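Okay, structure first, notes after.
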Amino acid sequence: MTHQVPPKTDDLVEGVVDHLLHIGYDENTVLRLTTMADGEESVTALGKALFGVRPGENLRLRGSWFQHPRHGRQFRVEQCERTMPAGERAIRLYLASGLIRGIGPALASAIVDMFGEQTLKVIDSEPTRLLDVHNIGTVRLERITAAWQEQKAIAEIMLFLQSLGITPRLAVQIHTTYADTEDDPVDIVRRAPYRLCRDVHGVGFHNADRIALAVGVPKHSDERLQAALLHELDQAGGQGHCHLPTRVLLARTRQLLSDDDPATAEILDDVILRGALEVLCEQGEVVAETLPQPVMDGTDAVADTEIAQLARWHRDETQLAWHVRRLLASQPALAELAPWDERLAALSTPETAGLTSEQYRAVHIALTHPLSVLTGGPGCGKTHTLRTLTEVADEADAVVALAVPTGKAAKRLEETCGQAAMTVHRLIRPPDGDSLFDHASVLETADLVVVDEASMLDLALTRRLFAAVRNGCHLLLVGDIDQLPSVGPGRVLGDLLDIEDIPRTRLTKVFRQDDGSSAIVTNAHRILRGELPHGDARAFWNRAVPVAEDVAQRVVDLVCDLMPSHLEARPEDVQVLCPGKKNIAGMTDLNLRLQERLNPPAPDKPQHYHGGAAFRLGDRVQQIRNKPQRGESGVFNGSSGTITAVDVEAHQLTVTFTDGETATYPFADLDELVHAYALTVHRSQGSEYPYVIVPVTSATGMMLLQRNLLYTAVTRASRGVMLIGQSEAVVQAVANNRTQRRNTALPHRITCGTTAVPTSRGQSPTGQLTLG
């Protein structure tokens with residue numbers, strides 16, 4: 001029996017990163033390194049440990065040499081340590097890389113030419129000597145000095161964290177979070193590491209726990225148990241749940257913290273975990289209560305279920321329920337404005353004539369009830385219904401406000417109805433009440449508010465929407481209940497449809513499409529019925545690629561070459577929609593591949609590396625968090641745009657969004673953006689694209705290969721759809737209609753609520769919910 005000798009991993013290479021050749025997600029990152037010892041030598045290094053490294057950084061690498069059959073001698077990295085550069089060339093590359101805000105390539109050369117190997121010492125301890133360099137005045141000197149101190153602080157955090165396996169990106173995030181506060185980030189890391197879970201986006205419990213145990217926080221500490229409970233509730237929110245049954249929360253926390261240490265079992269006793277949960281309730285971070293309703297958690301339905309809920313979601317749910325009851329009980333102002341039966345009977349224009357009985361009912365309900373819902377699939381006439389509704393209301397001098405969750409969808413709604421539409425975020429005020437853009441007058445005067453793509457509305461946004469609609473104003477929610485639910489917690493549209501007192505209309509008649517998209521509509525309804533989609537030469541194509549590893553390359557070829565040449569479409573007309581982020585042909589992998597083909601690096605394209613990805617001039621990107629203070633009018637989750645400027649010296653880039661708005665992002669805030677050459681199906685909700693490619697492989701997993709996901713992806717296309725991948729995966733997705741019911745209590749709170757305005761105040765001594 002032959003035993004393979006493990007590779008030698010004690011070779012040492014030290015040098016400066018010249019440039020990155022390939023950024024791999026869950027695989028090797030490849031770069032060129034110039035060594036400084038015994039004469040300069042260019043080395044190709046690769047390994048997972050290099051993820052997040054940037055040009056100009058000085059690295060000390062441990063690993064082993066090997067001979068690549070095509071690319072020759074390379075260095076496989078096992079450990080990567082960042083060090084300060086030594087030598088003029090290393091310092092020049094380091095400064096020119098943009099790591100120090102205010103210093104670009106030309107200024108870096110000028111500084112090093114003057115101070116040589118003493119450059120970094122001068123910047124650190126004698127910065128006023130930089131005034132002797134041409135083009136450095138007092139203002140620029142202040143910027144350089146501040147940036148240097150910031151880099152030193154980040155380096156201090158990195159030095160402490162790198163031995164724990166914490167990425168440099170998170171070290172920067174930690175520093176940025178506390179930069180404008182009185183808190184010392186290093187002190188927090190050492191003394192209160194579990195604060196990082198709450199304060200710093202992206203750290204999460206696992207990283208904070210690793211830090212905490214390394215700095216000596218006991219395994220049985222109250223802080224650790226509380227952080228674990230909050231983590232599990234937050235994770236549940238990421239899956240769409242608004243709460244967890246307490247027994248499920250405790251079981252998940254127990255599983256999270258379990259290890260081989262016998263002492264751990266003692267702290268995971270039910271009594272101790274419940275004690276930690278009670279403390280969180282007393283602190284106002286969690287609300288615990290008993291709900292007299294079935295809870296769908298994957299087990300048998302249980303009545304009188306004890307649940308735990310993050311306080312912010314409890315506030316959103318109870319307040320939304322109160323506003324639903326308020327609107328239902330309000331006097332509909334439009335009901336007395338006009339004889340709506342006569343006006344609807346008189347419809348005769350080509351755009352509004354020919355309403356079906358379902359469409360007539362939807363329009364009539366919207367004009368006579370303060371709150372109503374309209375649902376229907378593709379091709380069922382929602383567009384015609386909305387156009388008719390707005391025209392009839394306009395003729396009666398009623399003020400109509402149109403809104404939708406995303407900017408792209410707002411443009412489409414505007415074209416459909418022939419009047420201005422805006423995003424829901426811009427219709428209502430930001431959560432702190434200090435509006436940067438005054439649309440309050442719209443809601444103050446509106447008689448009818450129509451919100452399209454309502455399946456996208458999560459709990460928090462819907463609460464703000466309902467709170468902003470005054471008594472007497474009519475609110476119509478329009479959406480496709482068969483699409484994926486919102487990205488955020490809740491299933492608001494479904495929950496509202498569970499309330500019998502809320503009037504609703506479902507459009508069921510499928511109309512023949514005259515714009516060439518009939519195959520898309522037909523196949524969308526086939527998928528919805530659990531039937532496999534049929535290929536169509538004009539607008540719907542199925543391409544079988546048996547090997548999952550080949551799917552990604554085929555997708556890139558389709559976007560960049562085949563579809564543009566055969567369909568007279570630009571690559572930007574083709575959107576790739578992935579079931580998930582990870583694995584081969586997932587969103588992350590395809591974004592890297594498509595960026596390399598559609599927007600490769602070039603001398604005239606400035607870029608900045610962040611989190612292992614290059615943000616380059618011309619890149620397509622999407623916002624993934626709500627930032628009302630970003631830009632002039634705020635930037636919100638789902639907004640898409642293009643990077644139109646990258647200022648390496650100022651450490652910022654500019655994005656121009658599809659609605660024409662621009663926003664500037666400091667490099668430290670680039671976690672708010674993802675590349676948008678490929679998106680997850682969830683992130684495409686509310687948008688429409690000329691052509692859609694959906695890579696479907698078994699590697700995606702049954703949790704994501706679901707019927708409503710495939711249905712949602714198909715309905716995002718207006719001209720054509722390409723399903724590419726493994727045929728068995730498509731069969732699995734169509735057959736899998738076992739979507740997990742989200743844990744929500746909104747229907748119960750609507751039907752069993754009080755007349756008092758609810759405020760979250762934790763748990764009363766009797767265990768019953770306290771309403772303020």
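Positions are given from 1 along the sequence. Any value given below was found using the heavy atoms of this structure, including those in side chains, with hydrogens, waters and symmetry copies removed. All figures in this text were calculated on a predicted structure; none of them were measured in a lab.
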Could you give the distance from CG (Leu371) to CG (Leu328), rounded to the nearest 0.5 Å?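 Leu371 atom CG to Leu328 atom CG measures 5.0 Å (nearest 0.5 Å).
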[X] side chain vs [Y] backbone, donor-acceptor pair below 3.5 Å:
X: His566; Y: Leu562; answer: yes
X: Asn736; Y: Leu705; answer: yes
X: Thr522; Y: Ala519; answer: no
X: His474; Y: His369; answer: yes

Any salt bridge between [X] and [Y], counting N to O under 4.0 Å?
X: Arg252; Y: Glu232; answer: no
X: Arg741; Y: Asp498; answer: yes
X: Asp495; Y: Arg742; answer: no
X: Arg325; Y: Asp501; answer: no
X: Arg597; Y: Asp561; answer: yes

Yes or no on salt bridge (Lys or Arg N to Asp or Glu O under 4.0 Å) for Glu453 and Arg412, after CA distance, side-chain angles and deciding distance? CA-CA 11 Å; Glu453 299 287 354; Arg412 194 167 69 252; 3.2 Å; yes
Counting heavy atoms not belonging to Glu661, are there more than 12 under 6.0 Å from its CD?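 Counting other residues, nucleotides and ligands, CD of Glu661 exceeds 12 neighbours.
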Does atom CZ (Arg554) have a neighbourhood of more than 12 heavy atoms from anything else shown, all under 6.0 Å?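 12 or below, so no.
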